[in-house]
Amino acid sequence: MQDINLICFIISLSIAALCGTLLSILPILTRKSYLFGVKVPIEKQRHPKAKYLKKRYALVCFAGTMIIFALVIIQYIIYPDASLIAALYFPLLFIPVQMAAFIPNWKQALKLKEEQEWKVSRSSLAEAKPSHSRGDLSETPWGWYILSLILIFACIVIALIKYPGLPDKIPTHFDINMQPDQWSDKSLLSVMTMPLISLSLVLLMFIVSTMFVKAKLQIDPQKTLLSFSQHRIYRRRMGHSIGFMTLGYAIAFALIGFQSIWPDMDVSLWLLMTLLIVPTMPLIFISVLSGQGGCKIKPKVIPEESPACINALSTLDNTFGRDDDEHWALGMFYHNPDDPSYIVEDRFGSNLGFNYSHMPVKIGMLLLISLLVTSYIWITALLCSSTQISV
């Protein structure tokens with residue numbers, strides 16, 4: 001048990017370092033036309049007060065990360081047996097850290113824009129009208145998902161073939177050395193749990209990848225061809241990185257599932273951790289290098305004569321008031337019933353966001369939050385029962 005506590009302690013410290021670093025560099029990844037969720041002229045990013053806000057943001061992020069580091073260490077010293085559960089909850093502490101770092105700077109950015117009377121052009125960001133500008137599913141890197149589904153199908157077939165010959169009790173939990181330490185009654189559900197979880201994950205990752213493909217191009221009217229090229233490259237990079245991560249997870253869950261069928265199978269915990277952690281690295285790396293919507297990408301070739309480019313840029317429209325600060329609550333949450341788009345670019349960082357004025361988005365977010373809360377409750381109860389920790 002001491003070994004797994006130490007590993008979870010190291011994992012918590014590593015996640016804290018990664019989250020703290022990524023949180024601190026979000027202003028760098030954001031388009032230069034935004035200052036903490038406020039639309040500003042690009043050249044005003046060099047204003048002394050704007051630079052001060054960025055430094056203050058980084059300082060708060062650093063202080064918050066150090067506090068979380070301290071909490072991780074204190075928890076491990078005082079109650080090491082809770083390290084497994086703590087590793088699940090410590091990353092959530094970065095949510096209030098980001099709020100504490102971002103919201104005061106958002107308020108100051110609004111005030112600064114008003115005091116300095118900064119004017120921004122409403123045409124500084126436009127949207128390509130044609131449906132082709134959204135991309136189509138042919139741009140999805142199907143290979144990663146096909147391989148993942150083939151692997152899941154193979155796991156299901158193998159489990160069904162092995163099922164009649166399995167003992168009445170099969171292992172369902174493993175220790176730090178991946179040796180079984182808990183058993184359950186044999187059932188189809190018990191041997192199908194990992195393939196079903198893996199299938200759900202693949203479907204979720206496919207939906208996320210599709211969101212990147214179907215999101216409309218956000219075009220800089222002053223640099224239309226460059227914007228188009230950046231978006232195309234960004235979509236392709238993100239699609240492959242999400243697909244690669246999906247396949248890594250599918251392999252990891254397949255190995256975990258095989259442990260119930262072949263308890264003597266020698267699977268290293270470090271191998272599983274590698275399959276779960278390493279595939280996320282390209283996604284982080286690409287997000288950092290590409291910036292928001294690919295704004296940091298420098299294409300070698302700009303497709304001036306590309307038919308897709310001509311079709312996408314033939315008609316540009318404003319973004320239905322998306323540039324208006326009043327539609328962005330706290331500079332992060334977009335709410336504009338006049339905008340038909342469901343998916344939009346965030347104003348901070350490099351992620352996609354949603355138009356929360358539409359009912360399908362509200363329902364989807366409610367379901368997602370419910371799923372996350374339910375998952376945390378279930379996993380916490382499972383970990384408490386396996387580690388004999390009372391909550």
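None of these values were measured; they are calculated from a predicted model.
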Nearest-0.5 Å distance, CD of residue Gln116 to NE2 of residue His47: 4.0 Å

Between atom OG1 of Thr30 and atom CD of Glu345, what is the distance when rounded to the nearest 0.5 Å? 10.5 Å

Sub-4.5 Å side-chain heavy-atom contact between Ile15 and Phe90: no

Using every non-hydrogen atom in the two residues, find where Lys119 and Pro41 come nearest and quote the distance to one decimal. O-CG, 3.4 Å

Would you say the side chain of Lys111 lies within less than 4.5 Å of the side chain of Lys49, judging by non-hydrogen atoms? no

Hydrophobic cluster membership, with links at side-chain heavy-atom distances under 4.5 Å among I/L/V/M/F/W/Y: are Leu289 and Val278 in one? no

Between CG on residue Asn105 and NZ on residue Lys54, distance to nearest 0.5 Å: 11.0 Å

Please answer: with hydrophobic residues joined when any side-chain heavy atoms are less than 4.5 Å apart, are Ile197 and Val157 in the same cluster? no

Same cluster (ILVMFWY, side-chain, under 4.5 Å), Leu59 and Ile103: no

Among the clusters formed by ILVMFWY side chains lying less than 4.5 Å apart, do Leu22 and Met281 turn up in the same one? yes

Check the pair Ile284, Leu18 against side chain to side chain contact (heavy atoms under 4.5 Å, CB included), reporting the backbone distance first and the verdict last. CA-CA 10 Å; Ile284 295 173; Leu18 178 62; 3.8 Å; yes

Please report the closest heavy-atom contact between Ile233 and Pro299, naming both atoms and the distance. CD1-CB, 3.9 Å

Leu110 vs Glu114 side-chain heavy atoms within contact, under 4.5 Å: no

Under 3.5 Å donor-acceptor pairs involving side-chain atoms of residues 357-370, not counting sequence neighbours:
unit_1 : atom_1 : unit_2 : atom_2 : d
Ser357 : OG     : Asn336 : O      : 3.1
Ser357 : OG     : Asn355 : OD1    : 2.7
His358 : NE2    : Asp339 : O      : 2.7
His358 : NE2    : Asn355 : ND2    : 3.3
Ser370 : OG     : Leu366 : O      : 2.8

Side chain to side chain contact (heavy atoms under 4.5 Å, CB included) between Met238 and Ser287: does it pass, once the steps are laid out? CA-CA 8 Å; Met238 293 298 292; Ser287 297; 4.0 Å; yes

Taking CZ in Phe62 as the centre, count heavy atoms belonging to other residues, nucleotides or ligands within less than 6.0 Å. Is the count above 12? no

Of all the heavy-atom pairs spanning Met245 and Leu283, show the shortest one and how long it is. CE-CD2, 3.9 Å

Heavy-atom pair of closest approach, residues Pro141 and Tyr145: O-CD1, 3.4 Å

Are Lys296 and Val288 close enough that some pair of their side-chain heavy atoms sits under 4.5 Å apart? no

Report yes if the side chains of Pro104 and Arg56 come closer than 4.5 Å at any heavy-atom pair, otherwise no. yes

Nearest heavy-atom neighbours spanning Phe258 and Cys155: CZ-SG, 3.8 Å

Evaluate whether atom CD of Glu43 has more than 12 neighbouring non-hydrogen atoms of other residues, nucleotides or ligands under 6.0 angstrom away. yes

So Gln98 and Cys61, do their side chains get closer than 4.5 Å, heavy atoms only? no

Is there a path of hydrophobic side-chain contacts, each under 4.5 Å between heavy atoms, that joins Ile67 and Leu13? yes

Residue Phe285 excluded, over 12 heavy atoms near CZ under 6.0 Å: no

How far does CG of Leu88 sit from OG of Ser12, to the nearest 0.5 angstrom? 9.5 Å

Test Arg31 against Ile42 for side chain to side chain contact (heavy atoms under 4.5 Å, CB included), laying out the working first. CA-CA 9 Å; Arg31 291 183 185 277; Ile42 294 177; over 6 Å; no

Kindly compute the distance separating CD1 (Ile11) from CD1 (Ile277), expressed to the nearest 0.5 Å. 5.5 Å

State whether the side chain of Gln108 and the backbone N or O of Leu112 hold a donor-acceptor pair below 3.5 Å, judged by distance alone. no

Considering all heavy atoms, the nearest Ser148-Val202 contact: CB-CG2, 3.9 Å

So do Phe94 and Thr65 actually touch side chain to side chain, heavy atoms under 4.5 Å? yes

Determine whether Leu196 and Ile156 make a side-chain contact, defined as any pair of heavy atoms from C-beta on separated by less than 4.5 Å. no

Give the intermediate values and the outcome of side chain to side chain contact (heavy atoms under 4.5 Å, CB included) for residues Trp118 and Val40. CA-CA 7 Å; Trp118 289 343; Val40 299; 3.9 Å; yes

Out of curiosity, Leu151 CG to Ile146 CD1, how far, rounded to the nearest 0.5 Å? 13.5 Å

Quick check on Lys32: does its NZ atom have over 12 non-hydrogen neighbours (other residues, nucleotides or ligands) under 6.0 Å away? no

Sub-3.5 Å donor-acceptor pair from the side chain of Lys113 to the main-chain atoms of Lys39, do we have one? yes

Scan Trp328, Tyr57, Trp106 and name whichever one has a ring pair (Phe, Tyr, Trp, His ring centres under 6.0 Å) with Phe348. Tyr57

